[in-house]
Amino acid sequence: MAELNVLYRDSDILVCEKPAGCLSEPGPGRNLPQLAASYLYEAGQTSEIYTVHRLDKEVGGLMVLARTSEAAGALIGMIANRTIQKEYYAVLRGVPQAASGTWEDLLFHESGKNKTYVVDRPRKGVRDAKLSYRLIAREGETSLVRIRLYTGRTHQIRAQFSHRALPLLGDVRYGCKDPGCKTALWSAYLRFPHPKTGRVMTFYQRPPEQYPWAMFDRGCYTAVSPFGNTTDNTEKEV
């Protein structure tokens, strides 16, 4: 089969693990829609592939893709309304002072430098950003956190943590070079109503057993969200 780990598929959506180093949107070189199309072709199916959210190229983990324009529209609406719950693991250089917290910032993305900055006042191009985090484990001056993202701004997690002198391990753009890895961020958890049936679906994928994730005991990685859930429909655990 094609080079893609698929957790779930039906005629409307496909939930899969985006490999790190792969573009999440159509583009030159290796990209997720292309991998998804190859996977479906080898499974004897064809359909359009619609990207409804994105991950930075160097970041791996769960993504949901739409297979119809109707599903794409519904999922995009859920993202806009913050109905889709998205959680991540990150390895930080440093340890947060508080074991948990919620951060709300104003972010400005400078497209020429492809870098996002925390700013102190609204102006053109500035957008609000919000996330919550929980400290899961630490090894010396390196820590593992789990993050719930409420807004999906460009480089949001990377910018908000680096602004607090807690850059993600290996994230050269935000001040943390590490020869063993690139941008230690992993999309681990998705929870959303199915765009056609409305049934709440929950998906979880642990990071790979390699550096830097292997620095921490595998028991640190759990499918149970530490932030709780806001939906109460029948759910599908994967």
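One hydrophobic cluster holds both Val95 and Tyr88 under the rule that ILVMFWY side chains link at heavy-atom gaps under 4.5 Å. Linking Ile, Leu, Val, Met, Phe, Trp and Tyr residues whenever their side-chain heavy atoms come within less than 4.5 Å places Leu55 and Ile49 in a single cluster. Under a hydrophobic clustering in which Ile, Leu, Val, Met, Phe, Trp and Tyr are joined whenever their side-chain heavy atoms come within less than 4.5 Å, directly or via other members, Val64 and Tyr50 fall into different clusters.
No donor-acceptor contact under 3.5 angstrom links the side chains of Arg146 and Tyr221, judged on distance only. Counting only N and O atoms by type, the side chains of Gln45 and Arg67 include a donor and acceptor under 3.5 Å apart. For the residue pair Thr151/Gln156, the side-chain donor-acceptor check at 3.5 Å is satisfied. Side-chain atoms of Glu25 and Thr51 form no donor-acceptor pair, as typed in the model, at a separation below 3.5 Å.
One distance of note links SG of Cys16 with CG of Leu32; it measures 4.5 Å at 0.5 Å rounding. From Lys86, atom NZ reaches atom CE of Met63 across 8.5 Å, with rounding to the nearest 0.5 Å. For the atom pair CZ of Phe161 and SG of Cys176, the computed distance is 13.5 Å after rounding to the nearest 0.5 Å. Remark: Leu185 CG to Asp56 CG distance equals 7.5 Å, nearest 0.5 Å. Summarising the geometry, atom CG belonging to Leu92 is positioned 8.0 Å from atom CG belonging to Leu144; distances are rounded to the nearest 0.5 Å. Taking NZ of Lys57 as the reference point, atom OG1 of Thr183 lies at 12.0 Å (rounded to 0.5 Å).
Here Asp171 does not pair with Lys182 in a salt bridge; the nearest charged N to carboxylate O distance is not below 4.0 Å. Arg191 and Glu87 are not joined by a salt bridge, as no carboxylate oxygen comes within less than 4.0 angstrom of a charged side-chain nitrogen.
For the pair Asp105 (side chain) and Leu107 (backbone), a donor-acceptor distance under 3.5 Å is absent. Of the possible donor and acceptor atoms, none in the side chain of Arg82 sits under 3.5 Å from a partner among the backbone N and O of Met78. Listed for the Asp10 side chain is a donor-acceptor partner under 3.5 Å among the backbone atoms of Asp12. Remark: side-chain polar atoms of Ser162 are paired, donor with acceptor, to backbone N or O of Ala159 under 3.5 angstrom. Between the Lys18 side chain and the Leu4 main chain, no donor and acceptor come within less than 3.5 Å of each other. A donor-acceptor contact shorter than 3.5 Å links the side chain of Thr68 to the backbone of Ala71.
Within the cation-pi definition used here (under 6.0 Å to the ring centroid, within 45° of the axis), Arg206 does not qualify as a partner of Trp213. A cation-pi contact, defined as under 6.0 Å to the ring centre and within 45° of the axis, is absent between Arg148 and Tyr133.
Surrounding CD of Glu110 are more than 12 heavy atoms belonging to other residues, nucleotides or ligands, all under 6.0 Å away. The number of heavy atoms from other shown groups lying within 6.0 Å of CZ (Arg54) is above 12. Annotation for Tyr41: atom OH does not count as buried by contact number, only 12 or fewer foreign heavy atoms lying within 6.0 Å.
Classified by interplanar angle (parallel below 30°, tilted 30° to 60°, perpendicular above 60°), the ring pair Phe203/Tyr8 is tilted. Classification of the Tyr174-His155 ring pair by plane angle, with boundaries at 30° and 60°, yields perpendicular.
Taking 4.5 Å as the limit, some side-chain heavy atom of Val145 sits within range of a side-chain heavy atom of Ile147. Contact annotation: the side chain of Thr116 never approaches that of Arg158 to less than 4.5 Å [non-hydrogen atoms, C-beta and beyond]. Taking 4.5 Å as the limit, some side-chain heavy atom of Thr142 sits within range of a side-chain heavy atom of Phe216.
Partners of Ala188 by side chain to side chain contact (heavy atoms under 4.5 Å, CB included), not counting sequence neighbours, listed by chain and number: Tyr89, Trp186, Tyr204.
When the options Pro96, Pro226, Ser225 are evaluated for a side chain to side chain contact (heavy atoms under 4.5 Å, CB included) with Arg134, the one that passes is Pro226.
In this structure, Tyr117 has its ring center no closer than 6.0 Å to that of His109.
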_Steps toward salt bridge (charged side-chain N to carboxylate O under 4.0 Å, His left out) verdict (Arg93, Asp178)_ = CA-CA 10 Å; Arg93 185 182 67 187; Asp178 187 294; over 6 Å; no
*Please report the C-alpha distance between Arg30 and Glu3 in whole Å, then the side-chain angles of each, then the deciding distance to 0.1 Å, and finally whether the salt bridge (charged side-chain N to carboxylate O under 4.0 Å, His left out) criterion is met.*
CA-CA 11 Å; Arg30 190 164 171 248; Glu3 180 200 354; 2.3 Å; yes
